[in-house]
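Quick note: numbers below take in every heavy atom, side chains included, and nothing from hydrogens, waters or symmetry partners.
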Amino acid sequence: MNIVIGVTGSIAAYKAIDFANQLCKKNHNVRVIMTTHATKFVQPLSFETITHHSVISNMFDGQQDALEHINLAKWADLCVIAPADANIIAKMAHGIADDFLSTFILAFDGPVLVAPAMNTVMYHQAVTQRNLSLLTEYGYEIVSPANGLLACGDVGDGKLAEIEKLVFHVEKILTSQSLTGFRLLVTAGPTVGPIDPVRYVTNHSSGKMGFSIAQEAALRGAEVTLVAGKVQRTTPYGVARIDVATTEDMLEQLKVLMPDYDGLIMAAAPADYIPMEYHEEKIKKAGDSLTIVFKKNPDILKTLKPVLIDKIVVGFAAESHQLLENAQKKLAEKNLDFIVANNIAGKDSAFQSDYNTATIIYKDGRQQPIPKQLKTELAGNILDEIQRIRHKKEER
């Protein structure tokens with residue numbers, strides 16, 4: 001997509017370099033407009049090196065067409081003002097066009113994302129808040145600043161939102177909101193079986209698949225809650241997260257949540273067994289062996305069957321042998337809409353890999369092989385199927 005970044009006179013202007021770089025890495029075509037004040041904080045050359053486009057900072061400097069603001073407005077799919085100082089916010093709110101950036105914004109008829117960054121007193125001034133309210137009324141999307149230590153030494157609201165958050169909002173604007181109004185639960189990662197205060201048993205699940213699904217669903221407009229097992233991963237933007245430890249913990253959370261949700265994607269790898277006995281104190285080393293007796297954990301999807309009626313439910317089958325046979329058995333036993341089967345013995349389907357090779361199996365017996373692809377791409381394929389099922393249900 002073609003994206004214009006407007007950089008204004010805030011100390012946070014240097015962060016816009018990383019922002020532009022992240023968008024370029026996602027194969028977006030980026031152009032940068034800087035106000036004159038912004039060029040005092042950051043050199044245009046930094047942006048030109050990253051984007052491979054000249055930076056525009058003056059309305060009439062003889063280096064561009066007199067109608068460049070119109071040409072650029074027709075070229076762009078999205079405009080992001082980051083950082084947006086109080087000055088540009090006031091100009092946008094009141095239709096002032098007295099430099100290249102403000103003139104471009106007035107000529108642009110597409111989505112505009114505004115990321116304020118300024119001193120906390122300036123940000124909380126009634127006039128600034130009123131101007132931001134006006135921009136919201138006009139259809140601009142505001143990404144609120146973060147709270148923290150500011151460059152001036154004050155502590156409060158005013159820090160430019162995290163770059164990852166800005167990138168998420170950009171991607172969401174450019175993504176079809178096909179899951180708007182859909183409430184989705186996603187599970188991810190392994191659960192554990194505690195042995196004592198120090199030790200536990202678990203599996204190799206990384207949580208990458210479930211986290212990728214949650215992120216992609218949020219980008220498509222779904223209201224997503226991620227129930228995560230024992231995994232150290234950053235929570236995707238736009239996603240609510242609940243951390244659990246054991247399989248029973250995960251089951252209890254899903255029992256409470258599921259009635260209020262429209263769908264469940266069970267991408268977690270819950271432990272099938274848990275130690276029969278938990279030792280309150282650390283087991284001391286004694287002898288050459290240690291015997292631990294395990295008991296079976298409840299099967300989450302089987303237990304939830306009564307509350308899954310009329311929900312869209314997707315399961316995963318991670319198998320090391322007889323993949324399709326075992327997956328089809330799980331599909332039938334748990335009454336799933338479809339199941340994603342992947343061979344964990346494969347190099348490109350292992351728990352820690354960024355890639356997956358899978359087969360989607362449907363209720364009617366159809367099988368759709370998915371060749372090796374990033375887990376983020378597989379997440380998209382899974383959600384495409386959910387959209388299709390959802391659309392069919394709505395038609396009925």
Side-chain angles (χ1 to χ4, degrees), residues 1 26-27 168 171-172 174-189 205-228 233 236-239 261-269 301 308 311-319 323-324 326-328 330-331 334-395:
M1 290 291 183
K26 289 183 174 290
N27 297 318
F168 168 77
E171 294 291 301
K172 186 171 183 180
L174 299 176
T175 300
S176 171
Q177 298 300 284
S178 54
L179 287 177
T180 298
F182 189 74
R183 303 194 71 202
L184 178 66
L185 278 174
V186 181
T187 67
S205 176
S206 65
K208 290 179 181 179
M209 191 70 251
F211 276 65
S212 295
I213 292 170
Q215 179 71 99
E216 180 63 25
L219 286 173
R220 298 185 185 202
E223 182 182 336
V224 185
T225 296
L226 178 65
V227 181
R233 303 191 68 80
Y237 281 102
V239 173
Y261 283 76
D262 305 304
L264 168 65
I265 300 179
M266 196 70 190
L301 285 174
L308 295 179
K311 313 285 185 181
I312 298 176
V313 186
V314 179
F316 275 72
E319 303 288 346
L323 173 65
L324 299 182
N326 287 329
Q328 286 172 326
K330 287 184 179 180
L331 174 70
K334 300 176 184 183
N335 195 30
L336 308 175
D337 288 279
F338 63 91
I339 193 166
V340 182
N342 65 291
N343 189 337
I344 57 173
K347 185 177 68 173
D348 298 324
S349 300
F351 280 126
Q352 300 297 324
S353 175
D354 290 330
Y355 293 87
N356 212 334
T357 304
T359 301
I360 295 178
I361 305 175
Y362 300 90
K363 275 184 177 180
D364 60 9
R366 286 183 301 118
Q367 296 182 5
Q368 179 187 350
I370 305 292
K372 176 186 173 182
Q373 59 184 209
L374 288 167
K375 288 180 177 177
T376 52
E377 296 175 301
L378 178 57
N381 284 322
I382 291 168
L383 291 169
D384 287 343
E385 291 302 313
I386 284 181
Q387 289 171 205
R388 181 183 61 78
I389 294 169
R390 182 192 182 201
H391 181 66
K392 276 191 172 181
K393 285 191 172 186
E394 288 174 348
E395 283 183 338

Can you sort out the partners of [X] under side chain to side chain donor-acceptor pair (under 3.5 Å), two or more places apart, ordered by chain and number?
| X | answer |
| --- | --- |
| Lys334 | Asp299 |
| Glu385 | Tyr362, Arg388 |
| Gln387 | Ser178, Arg220 |
| Thr225 | Tyr261 |

Which heavy atom of [X] sits nearest to which heavy atom of [Y], and what is that distance?
| X | Y | value |
| --- | --- | --- |
| Ala188 | Gly210 | CB-CA, 3.7 Å |
| Phe316 | Lys330 | O-NZ, 4.2 Å |
| Ile339 | Ala317 | CD1-CB, 3.8 Å |
| Ala358 | Val340 | CB-CG1, 3.8 Å |

Could you check if a side-chain atom of [X] sits within less than 4.5 angstrom of a side-chain atom of [Y], using non-hydrogen atoms only?
| X | Y | value |
| --- | --- | --- |
| Ile386 | Ile265 | yes |
| Lys208 | Asp354 | yes |
| Leu324 | Ile361 | yes |
| Val186 | Val224 | yes |
| Leu264 | Thr187 | yes |
| Leu301 | Leu308 | yes |

Inset, instruction - Kindly write out the residues that satisfy side chain to side chain contact (heavy atoms under 4.5 Å, CB included) with Leu323, not counting sequence neighbours, or none if the list is empty. - result: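 Glu319, Ala341, Asn343.
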Within this structure, what is the [atom1]-[atom2] distance for the pair [X] and [Y], rounded to the nearest 0.5 Å?
| X | Y | atom1 | atom2 | value |
| --- | --- | --- | --- | --- |
| Ile360 | Gln367 | CD1 | CD | 11.5 Å |
| Phe338 | Ile312 | CZ | CD1 | 8.5 Å |
| Phe211 | Leu226 | CZ | CG | 4.5 Å |
| Met1 | Asn27 | CE | CG | 12.5 Å |
| Asn356 | Lys372 | CG | NZ | 11.0 Å |

Inset, instruction - I would like to know whether Lys375 and Ser206 meet side-chain contact (heavy atoms from CB on, under 4.5 Å); could you show each step before the answer? - result: CA-CA 12 Å; Lys375 288 180 177 177; Ser206 65; 4.3 Å; yes
Inset, instruction - Assess whether side-chain contact (heavy atoms from CB on, under 4.5 Å) is satisfied between Val313 and Asn335, documenting all intermediate values. - result: CA-CA 8 Å; Val313 186; Asn335 195 30; over 6 Å; no
Legend entry - Greater than 12 external heavy atoms within 6.0 Å of Lys393's NZ: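 Count over threshold, so yes.
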Donor-acceptor pairs under 3.5 Å, side chain of residues 376-383 to any protein atom, not counting sequence neighbours: which ones?
{"residue": "Glu377", "atom": "OE1", "partner": "Leu374", "partner atom": "N", "Å": "2.9"}
{"residue": "Asn381", "atom": "ND2", "partner": "Gln373", "partner atom": "OE1", "Å": "2.8"}

